[in-house]
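Only one structure is covered here, and it is reproduced in the block below.
Basis for what follows: all heavy atoms, side chains included, without hydrogens, waters or symmetry-related copies. Sequential numbering from 1 along the given sequence is applied to the chain's residues. In this text the structure is predicted, and so the values were computed from the model without any measurement.
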Amino acid sequence: MNKNRVQVKIGGATYTIVTEDDSEYVENLAEMLNNEIRSVCNANPSLSITQAAVLVALDQADACKKASASSDNLRVQIKDYLEESARARMEVEVARREVERLNREISDLRERLANK
């Protein structure tokens, strides 16, 4: 895949990012990161850009870890639902066969009664 060189400005510094991702995607990430750093700096004027960046990174790491845990939880739930669905389909098939058997039995009994 082609490598893109994308220049972004974060916290007043310019960075050249070499990536396979779309340049617009990387620019959007950088803008989001820059806005978060600016927001932290505005809320805490005594923080340096580096300190604000570390706090933003910590917040992003927390969000990533929680999203990953949530994703794992959803995978487990989906797996459980699929297993439950498979069991229900088997039960439906067993019930369908029983209904067919009972219908044949009813037909046989009607036939016997008709022949008497």
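For the pair Arg101 and Glu98, the salt-bridge criterion is met [side-chain N within less than 4.0 Å of a carboxylate O]. Contact check on Lys66 versus Asp62 returns a salt bridge, with a Lys/Arg side-chain nitrogen under 4.0 Å from an Asp/Glu carboxylate oxygen. Ion pairing between a basic and an acidic side chain is recognised when a charged N comes within 4.0 Å of a carboxylate O; Glu93 and Arg89 show no such pairing. Salt-bridge check for Asp72 with Arg75: passed, with a basic side-chain N closer than 4.0 Å to an acidic carboxylate O.
Within the structure, salt bridge (Lys or Arg N to Asp or Glu O under 4.0 Å) pairs that include any residue of residues 33-47 do not occur (at least two apart or interchain).
Across all their heavy atoms, Asp21 and Asn4 have their closest contact at O-ND2, 2.7 Å. Taking both residues in full, the closest heavy atoms of Asn34 and Gly12 are given as OD1-N, 4.4 Å, listed atom of the first, atom of the second, then distance. Considering every non-hydrogen atom in both Ala52 and Cys41, the closest pair reads CB-SG, 3.5 Å.
By the 6.0 Å contact criterion, CG on Asn2 is open, its count of non-hydrogen atoms from other residues, nucleotides or ligands being 12 or less.
Taking CD of Glu31 as the reference point, atom CD of Glu24 lies at 10.5 Å (rounded to 0.5 Å). Note that CZ of Arg112 is 12.0 Å distant from OG of Ser107, once rounded to the nearest 0.5 Å.
Under the 4.5 angstrom side-chain criterion for Ile, Leu, Val, Met, Phe, Trp and Tyr, Val76 has no cluster partners at all.
Applying the side-chain contact (heavy atoms from CB on, under 4.5 Å) test between Val40 and each of Ile49, Asp59, Asn35, Leu47 identifies Leu47 as the sole match.
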